[in-house]
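Encoded as structure tokens, the structure appears first; notes follow it.
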Amino acid sequence: MDHQGEFRRAALELGIPDDEISRFSEHLRLEIGLSGRDGGSPVGHIGGSPRLPVGMEWPSAGDVPLPLLLSVDCGALARIDGFGLPADGTLLFFVHQEMDFEERRAEPGQYARVVYVPAGTETVVVEPPDPTCAGERIDVCADLGAVLPLWLEEGDEDDWHEFWEDLEWDDMSPFQQQLARYMERELPHLDELRSLAYGLWSSGAYLVIGGYADDEEMVSGIMAKTLAKGQWLSYLEEDAFRLASEWIPLAGQGRVYEEYYTKFMIRHDDLAAARWDKALTVTVFDAP
């Protein structure tokens, strides 16, 4: 489906200039929301036992088996511009969340695996080596959600100064001032464009595929595992924008109070080349 065309036609009907629609569309992405709601055709499942290629052992980190987080049928997912998931086959996401969190400065991917099973591969249901590796199976259906980079998201009372933690102009870096000028000069109909996008695609699911790798947890996680260990970086800094443009979320859980949640990320070029071993994870514990 031509999602960009659908958005452009709807925006033109609102009287928004075509060039502004194009600028906004450069930042607009769609993500696939997965939820266990009734109705619809399942596209995968959370937990449960996976189907793995015949002869393949359950993924582990040494003697630590990795629990299955998600199995998804790529052929059943909507195709999204700029997000080159395989056209068919199955993607499986394994992660030991507690170990991934505690050893987050360790070798990238040590306690997580992304396994791709091409269509036509002979598979078998593999029973978990430990009951904790396969929680209750929940079939999930998919819908689409619109997502923008955080600097274009709607802030408190629709005020980007509120969203940027009440930064005053003189306190902003030159890069932050550049973003502010861009929003004011190039996107005068930002409110209408945002509302339109969210009205067309409003998944709001807890588990998503795609979107932006630009929140502070993902950016800091990428920094810790690839660039400067232990360094923290705000999503409003120029280096964070560069990282967010290089990486994309493969699958990610939303924040859950007093629980672990994990986000899988991969570089665009590694996704295009199906280098699944290059995926990174960021696991967070939402402590009170």
Side-chain angles (χ1 to χ4, degrees), residues 1-7 25 27-53 59 68-95 112-121 123 125 135 137-149 197-214 218 244 247-254 261-282:
M1 182 176 179
D2 181 13
H3 299 107
Q4 289 284 354
E6 179 184 5
F7 179 78
S25 297
H27 307 292
L28 176 64
R29 291 183 182 177
L30 296 183
E31 62 185 12
I32 301 170
L34 304 175
S35 58
R37 69 182 189 280
D38 295 331
S41 300
V43 299
H45 59 89
I46 300 169
S49 297
R51 296 195 68 93
L52 297 175
L68 175 66
L69 175 64
L70 171 68
S71 174
V72 64
D73 176 6
C74 296
L77 300 177
R79 308 310 298 169
I80 297 176
D81 291 340
F83 188 31
L85 283 178
D88 52 26
T90 302
L91 274 173
L92 302 104
F93 300 87
F94 296 84
V95 58
R113 297 287 186 278
V114 177
V115 176
Y116 175 62
V117 181
T121 302
T123 61
V125 175
R137 173 174 171 141
I138 302 174
D139 289 342
V140 292
C141 301
D143 56 5
L144 294 179
V147 60
L148 293 167
Y198 296 150
L200 289 172
W201 304 290
S202 56
S203 168
Y206 158 74
L207 184 62
V208 298
I209 295 175
Y212 276 97
D214 66 345
M218 284 191 275
W247 293 78
I248 190 167
L250 262 180
Q253 297 173 291
Y261 57 96
T262 300
K263 300 177 186 292
F264 286 78
M265 297 169 292
I266 194 168
R267 284 190 174 94
H268 286 276
D269 55 350
D270 289 327
L271 175 59
R275 292 189 286 259
W276 308 111
D277 60 316
K278 300 298 185 181
L280 294 182
T281 54
V282 173

Notebook entry, point to check: Roughly how far, to the nearest 0.5 Å, is CD1 of Ile209 from CD1 of Ile248?
Noted result: 11.0 Å
Margin query: Taking the cut-offs as 6.0 angstrom to the six-membered ring centre and 45 degrees off its axis, would you call Arg29 and Tyr212 a cation-pi pair?
Written below: yes
Checklist line | Distance in Å, Arg113 CZ paired with Trp276 CH2, rounded so as to fall on 0.5 Å steps | finding: 15.5 Å
Notebook entry, point to check: Mind checking whether Pro249 and Lys263 have side chains closer than 4.5 Å, heavy atoms only?
Noted result: no
Checklist line | Reported CG-to-NE2 distance for the pair Leu200 and His3, which is rounded to 0.5 angstrom | finding: 10.0 Å
Notebook entry, point to check: Got Leu30 and Phe83 here, is their nearest side-chain heavy-atom distance under 4.5 Å?
Noted result: no
Note to self: With heavy-atom distances below 4.5 Å as the criterion, would you say the side chains of Val72 and Phe93 are in contact?
What the structure shows: yes
Notebook entry, point to check: Residues two or more places apart in sequence or in another chain: which of them pass ring-ring contact (aromatic ring centres under 6.0 Å, His included) with Tyr198?
Noted result: none
Notebook entry, point to check: Measuring from Leu52:CG to Thr121:OG1, what's the distance to the nearest 0.5 Å?
Noted result: 11.0 Å
Margin query: Is the shortest side-chain heavy-atom distance between Leu144 and Ile80 below 4.5 Å?
Written below: yes
Note to self: Looking at every heavy atom in both Gln4 and Ser25, which two are closest together, and how far apart are they?
What the structure shows: OE1-CB, 3.3 Å
Notebook entry, point to check: At what distance, to the nearest 0.5 angstrom, does OG1 of Thr281 lie from CZ of Phe94?
Noted result: 14.0 Å
Next item on the list: Considering non-hydrogen atoms only, spot the tightest contact between Asp139 and Pro42 and give its length.
Entry: CB-CB, 4.1 Å
Next item on the list: Report yes if the side chains of Leu69 and Phe264 come closer than 4.5 Å at any heavy-atom pair, otherwise no.
Entry: yes
Note to self: To the closest 0.5 Å, what do you measure between CD1 (Ile266) and CG (Asp269)?
What the structure shows: 8.5 Å
Item checked: His268 to Trp247 - nearest heavy-atom pair and separation -> NE2-O, 3.9 Å
Item checked: Beyond-backbone contact of Arg51 with Val117, side-chain heavy atoms, under 4.5 angstrom -> no
Next item on the list: Compare every heavy atom of Ala205 with every heavy atom of Gly33, then report the nearest pair and how far apart it is.
Entry: CA-CB, 3.6 Å
Notebook entry, point to check: Does any non-hydrogen side-chain atom of Ile32 lie less than 4.5 Å from one of Val208?
Noted result: no
Next item on the list: Could you tell me which non-hydrogen atom of Gly47 sits nearest to which non-hydrogen atom of Leu68, and how far apart they are?
Entry: O-CD2, 3.5 Å
Note to self: Tell me the closest heavy-atom pair linking Leu92 and Ser71, and the distance in Å.
What the structure shows: CD2-OG, 3.8 Å
Check: How far apart are the C-alpha atoms of Leu70 and Leu91, what are their side-chain angles, what is the distance that settles it, and do they pass the side-chain contact (heavy atoms from CB on, under 4.5 Å) test?
Finding: CA-CA 8 Å; Leu70 171 68; Leu91 274 173; over 6 Å; no
Checklist line | Beyond-backbone contact of Val282 with Met265, side-chain heavy atoms, under 4.5 angstrom | finding: yes
Checklist line | Check against salt bridge (charged side-chain N to carboxylate O under 4.0 Å, His left out), Asp277 and Arg275 | finding: CA-CA 5 Å; Asp277 60 316; Arg275 292 189 286 259; over 6 Å; no
